[in-house]
Amino acid sequence: FSMVAKMAHDAGLPVMVLAHRKELIDQAIGKLRDVNPEARVGRLQGTVKQYRADIVVGSVQTASTPTSLALLKTRRWGLVIIDEVHHGVADTYMRVARELRCFDDDGPLLLGVTATLDRNDGLAMGELIEEIIEPTVGLIDLIRQGYLVPPRGIRVRIDDLDLRKVRRVAGALNAGQLG
């Protein structure tokens, strides 16, 4: 998506990138700067509100607050990108997409990217995404080209650990209870 953001920037369009984790935001900022060093890439996360940059990468948690939405709505966005879009039908993402006019005929183009097309809660992606486009390049090729991190798993056995009482949130174990 960094190349698509560069194309939008080259066409003079402001770009908003949304993600739900600090690691994804940091990764996106780094890749966007690598691909498009002449663009001003800003962060919208917590108290940092660099919303006037050419390309803004923000946490959906921050972007969906009334204060941040008021700032973001002062601009006419050309492209909104949602990283890990399988999370995109959550209320926070939908609020930002509506407020930035992504569903209006003259609103910004909305691009969602993910390697995870299934949702555990059964919500329909059609609420957010009009068309799913199959990738023209495989995951292994993207890993070899340095666009994706190679998957790595480590199994740790703890004999007396019982996770049956840990609540699940959106299909994942609750981080607070795991802690």
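Because only heavy atoms are used, hydrogens play no part in the values below, and waters and symmetry mates are left out as well, while side chains stay in. Keep in mind the model is a prediction, meaning the values are calculated, not measured.
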statement: Between the CD atom in Glu84 and the CD1 atom in Ile82, the distance rounded to the nearest 0.5 Å is 11.5 Å
task: Give a yes or no on whether the backbone of Arg164 and the side-chain of Asp162 come within a donor-acceptor separation of less than 3.5 Å.
output: yes
- prompt: Under a 4.5 Å cut-off applied to non-hydrogen side-chain atoms, are Leu24 and His20 in contact?
  reply: yes
- prompt: Between Leu110 and Val96, is there a shared hydrophobic cluster once you connect ILVMFWY residues whose side-chain heavy atoms come closer than 4.5 Å?
  reply: yes
query: If we only count heavy atoms from C-beta on, is the Val80 to Leu109 side-chain gap below 4.5 Å?
result: no
field: Heavy-atom side-chain proximity of Val56 to Arg75 below 4.5 angstrom
entry: yes
query: Looking at OG of Ser64 and CZ of Arg98, how far apart are the two atoms once the value is rounded to the nearest 0.5 Å?
result: 11.0 Å
Heavy atoms from other residues, nucleotides or ligands near CD of Glu130 exceed 12 (cutoff 6.0 Å): no
query: Is it true that atom CZ of Arg21 has more than 12 heavy atoms of other residues, nucleotides or ligands lying nearer than 6.0 Å?
result: no
field: Euclidean distance, Arg95 CZ relative to Glu99 CD, rounded to 0.5 Å
entry: 8.5 Å
- prompt: Considering only heavy atoms from C-beta outward, does the side chain of Ile25 approach that of Gln45 to under 4.5 Å?
  reply: yes
message: When you measure from the side chain of Thr74 to the backbone of Leu71, do you find a donor-acceptor pair of N or O atoms at a distance under 3.5 Å?
response: yes
Note: Arg33-Glu38 ion pair, threshold 4.0 Å (strictly below): no
Straight-line distance of Ser2 OG to Gln27 CD, nearest 0.5 Å: 8.5 Å
- request: Using modelled atom types only, decide if a donor and an acceptor are shared between the side chain of Thr92 and the backbone of Val60 within a distance under 3.5 Å.
  value: no
Side-chain heavy atoms of Val113 within contact of Leu111, under 4.5 Å: yes
message: Once rounded to the nearest 0.5 Å, what's the spacing between atom CG of Asp10 and atom CE of Met3?
response: 8.5 Å
task: Give a yes or no answer on whether the side chain of Thr62 reaches the backbone of Ser59 with a donor-acceptor pair at less than 3.5 Å.
output: no
statement: CG of Asn36 to CG of Asp54, rounded to nearest 0.5 Å, is 8.0 Å
statement: Sorted by chain and number, sequence neighbours left out, side-chain hydrogen bond (donor to acceptor under 3.5 Å, both in side chains) with Lys31 holds for none
task: Search all heavy atoms of Tyr93 against all heavy atoms of Asp83 and return the closest pair with its distance.
output: OH-O, 4.2 Å
- request: State whether the number of non-hydrogen atoms from other residues, nucleotides or ligands found under 6.0 Å of Leu163 atom CG is greater than 12.
  value: yes
- prompt: Is there a side-chain contact (heavy atoms from CB on, under 4.5 Å) between Arg76 and Arg101 once you walk through the steps?
  reply: CA-CA 9 Å; Arg76 186 167 177 86; Arg101 303 180 53 242; 2.8 Å; yes
task: Spell out, yes or no, whether Val149 and Leu142 are grouped together once hydrophobic residues are joined by side-chain heavy atoms under 4.5 Å, including indirect joins.
output: no
task: For Asp105, look at atom CG and say whether over 12 heavy atoms of other residues, nucleotides or ligands are found less than 6.0 Å away.
output: no
field: Exam field: side chain Arg52 to backbone Gly42, donor-acceptor pair closer than 3.5 Å
entry: no
query: Just wondering, more than 12 heavy atoms not from Asp34 lying within 6.0 Å of its CG?
result: yes
message: If we ignore hydrogens and angles and just use 3.5 Å, is the side chain of Arg167 paired with the main-chain N or O of Asn174 as donor and acceptor?
response: no
- prompt: Is there a path of hydrophobic side-chain contacts, each under 4.5 Å between heavy atoms of I, L, V, M, F, W or Y residues, that connects Val17 with Val85?
  reply: no
Salt bridge (charged side-chain N to carboxylate O under 4.0 Å, His left out) involving Lys49 - partner list, sequence neighbours excluded: none
- prompt: Is a side-chain N or O of Trp77 found less than 3.5 angstrom from the main chain of Leu72, in a donor-acceptor match?
  reply: yes
task: Might you point out which heavy atoms bring Ala19 and Gln61 nearest each other, and give the distance in Å?
output: O-OE1, 4.1 Å
query: Does Leu18 belong to the same Ile/Leu/Val/Met/Phe/Trp/Tyr cluster as Leu79, with side-chain heavy atoms less than 4.5 Å apart forming each link?
result: no
field: side-chain hydrogen bond (donor to acceptor under 3.5 Å, both in side chains) against Asp26, all qualifying residues, sequence neighbours excluded
entry: Lys22, Arg43
- line: Of Val41, Ile55, Val4, the one forming a side chain to side chain contact (heavy atoms under 4.5 Å, CB included) with Val15 is Ile55
message: Using the rule given for side-chain contact (heavy atoms from CB on, under 4.5 Å), can you reason through Leu69 versus Thr65, listing the C-alpha separation, both sets of side-chain angles and the distance that settles it, and then say yes or no?
response: CA-CA 6 Å; Leu69 282 172; Thr65 66; over 6 Å; no
field: Ala5 to Ile81 - nearest heavy-atom pair and separation
entry: CB-CD1, 4.1 Å
